[in-house]
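Written out below as structure tokens is the structure these notes cover.
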Amino acid sequence: MSRPLSWRSELRRQLGRRRTLWVVGIVLVLPLIFVAAFSLDDDPGRPGDPGVRLVDLATSGGPNFTTFAFLVSAELLLFIVAALFAGDPVPAEASWSSLRYLLTAPVTRARLLTSKLVIGFVSTAVLVVVLPLWALAVGTIAYGPEPFTILGGGELPWGEWLPRMAVAVGYVLVMVAPIGAFAFWIGVRSQTPLAAVGGALMLLIVAGILDSIDALGDWRKALPGHYSRAWLDLLVSGPVDWTDLRHGVLWAVLYAVLFVALGYRRFRRQDILS
């Protein structure tokens, strides 16, 4: 029998939650919904056409469909997943009045937080990876294994697209980490699941609004999510410009470490009443 605060025990609790099953179901159904929606369109775009968008080329083959599905999901869905898995576990225990019981075990508070935080981020990482893999399988079956079609014209063969897409998946995982870390901090402070997830999404929305204000100039680069689309720079012909990707990773790591540290600091000092 596993210990109450072991990673295996926490993983079992995570997998047994109904909201986890709902999130997994949404991730698996989403590519199928896209295929059904695209079946209604009989006028797909052509690479090189003025105003052509990635959605217009989504039916060009499995790689294009995967890229589109991942782009749409990375706009909001994956941020929600990170906020839910990282921010919900601690306040959920408080709402069930089981947090004090868990802390009666002969372990430190830091271990309880670490167990929940690690499983939360691992669960997020699994879904961030599963989504493009599943979309690739669905897209290849539906639209064939043609190479990735670049918006401005040209193609990326599978041998180039696959490693670049793998880097893009890792990059998006880093991008969602600050939102998950912020939800973790809010959840520790408020002990309310809705406040944790809602607060993280509010941060994302406000940051997006501020990012659209040109008057802020270079200050916008410090906002969470400013570089969230930088991974698209990987899917171009020729050498990759890594500037925005590096900046995005550095800002994301800074925010994630800051919010996680604040969460640990708060939880170590507060009284647990539920």
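Along the sequence shown, residues are numbered consecutively beginning with 1.
- Counting heavy atoms from C-beta on, the side chains of L245 and V240 come closer than 4.5 Å.
- With rounding to the nearest 0.5 angstrom, the CZ atom of F79 is 11.5 Å from the OG1 atom of T124.
- Here L223 contributes atom CG and Y255 contributes atom OH; the two are 6.5 Å apart, rounded to the nearest 0.5 Å.
- For the pair A181 and A256, the tightest heavy-atom approach, listed with the atom from each and the gap, is CB-O, 3.6 Å.
- Following chains of ILVMFWY side-chain contacts shorter than 4.5 Å, one can reach V174 starting from L254, so the two form part of one hydrophobic cluster.
- Here the side chain of T140 pairs no donor or acceptor atom with the backbone of A137 at under 3.5 angstrom.
- Under a hydrophobic-cluster definition in which Ile, Leu, Val, Met, Phe, Trp and Tyr are linked whenever side-chain heavy atoms come within less than 4.5 Å, directly or via other members, M165 and L162 are assigned to the same cluster.
- Under the 4.5 Å side-chain criterion, counting only non-hydrogen atoms from C-beta, V27 is not in contact with W22.
- With values rounded to the nearest 0.5 angstrom, L262 atom CG is found 7.5 Å from R265 atom CZ.
- With respect to L71, the side-chain contact (heavy atoms from CB on, under 4.5 Å) criterion is satisfied by exactly one of V172, V55, L232: L232.
- Remark: side-chain polar atoms of W251 are not paired, donor with acceptor, to backbone N or O of A222 under 3.5 angstrom.
- E75 places a side-chain heavy atom less than 4.5 Å from the side chain of R229.
- Residues L57 and T67 have side chains not in contact (no heavy-atom distance under 4.5 Å, counting atoms from C-beta outward).
- Counting all heavy atoms, side chain and backbone alike, A183 lies closest to A200 at CB-CB, 3.7 Å.
- With hydrogens and angles ignored, the 3.5 Å screen pairs no side-chain donor or acceptor of Y227 with any backbone N or O of M175.
- Two residues are said to be in side-chain contact when any heavy atoms from C-beta on lie closer than 4.5 Å; V249 and Y171 meet this criterion.
- Under the 4.5 Å side-chain contact rule for hydrophobic residues, L250 and F182 do not share a cluster.
- With contacts defined as side-chain heavy-atom distances shorter than 4.5 Å, the pair R19/L84 qualifies.
- Aromatic rings of W158 and F148 (six-membered ring for Trp) have centroids beyond the 6.0 Å cut-off, not under it.
- In terms of heavy atoms, A252 sits closest to P178 at O-CG, 3.3 Å.
- The backbone N or O of F70 sits nowhere less than 3.5 Å from a side-chain atom of S73 that would complete a donor-acceptor pair.
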- Message: Could you go through W185 and L258, starting from their C-alpha distance and side-chain angles, then the distance that decides it, and tell me whether this counts as side chain to side chain contact (heavy atoms under 4.5 Å, CB included)?
- Response: CA-CA 10 Å; W185 176 45; L258 173 64; over 6 Å; no
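- V128 and V29 are members of different hydrophobic clusters when ILVMFWY side chains are connected at heavy-atom separations under 4.5 Å.
- Using a distance-only test at 3.5 Å, with no hydrogens or angles considered, no donor-acceptor pair links the side chain of R164 to the main chain of L235.
- Here OG1 of T66 is found 11.5 Å from CH2 of W134. Values are rounded to the nearest 0.5 Å.
- Side-chain contact check for W242 versus L234: some heavy-atom pair is nearer than 4.5 Å.
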- Task: Please lay out, stage by stage, how L216 and L210 fare under the test side chain to side chain contact (heavy atoms under 4.5 Å, CB included).
- Result: CA-CA 8 Å; L216 292 177; L210 294 176; 4.0 Å; yes
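- Atom CD1 of I186 is separated from atom CG of L203 by 8.5 Å, given to the nearest 0.5 angstrom.
- Contact of the L131 side chain with the L127 side chain is not registered, since no non-hydrogen atoms from C-beta on lie closer than 4.5 Å.
- By the 30° and 60° cut-offs, the orientation of the rings of F65 relative to Y143 is tilted.
- Between D214 and R220, at least one side-chain nitrogen of the basic residue sits less than 4.0 Å from a carboxylate oxygen of the acidic one, meeting the salt-bridge criterion.
- Taking the six-membered ring where the residue is Trp, the centroids of F121 and F85 are separated by 6.0 Å or more.
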- Task: Please step through side chain to side chain contact (heavy atoms under 4.5 Å, CB included) for the pair L30 and L77, ending with a clear verdict.
- Result: CA-CA 10 Å; L30 192 61; L77 176 61; 3.8 Å; yes
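- The line from CG of D218 to NE2 of H226 is 8.5 Å long, rounded to the nearest 0.5 Å.
- Put simply, V169 and V236 are part of two different groups of oily side chains (I, L, V, M, F, W, Y) that touch within less than 4.5 Å, one to the next.
- Closest approach of P157 to P147, counting heavy atoms only: CA-CB, 4.2 Å.
- Considering all non-hydrogen atoms of both residues, T243 and D241 come closest at OG1-OD1, 2.9 Å.
- Side chain of N64 to main chain of T149: a donor-acceptor pair is present (N/O by atom type, distance under 3.5 Å, no hydrogens or angles).
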- Query: Run the side chain to side chain contact (heavy atoms under 4.5 Å, CB included) check on L76 and L204 step by step: do they pass?
  - Reply: CA-CA 9 Å; L76 182 61; L204 182 64; 4.0 Å; yes
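- Nearest heavy atom pair, residue A83 against residue I179, reads CB-CG2, 4.2 Å.
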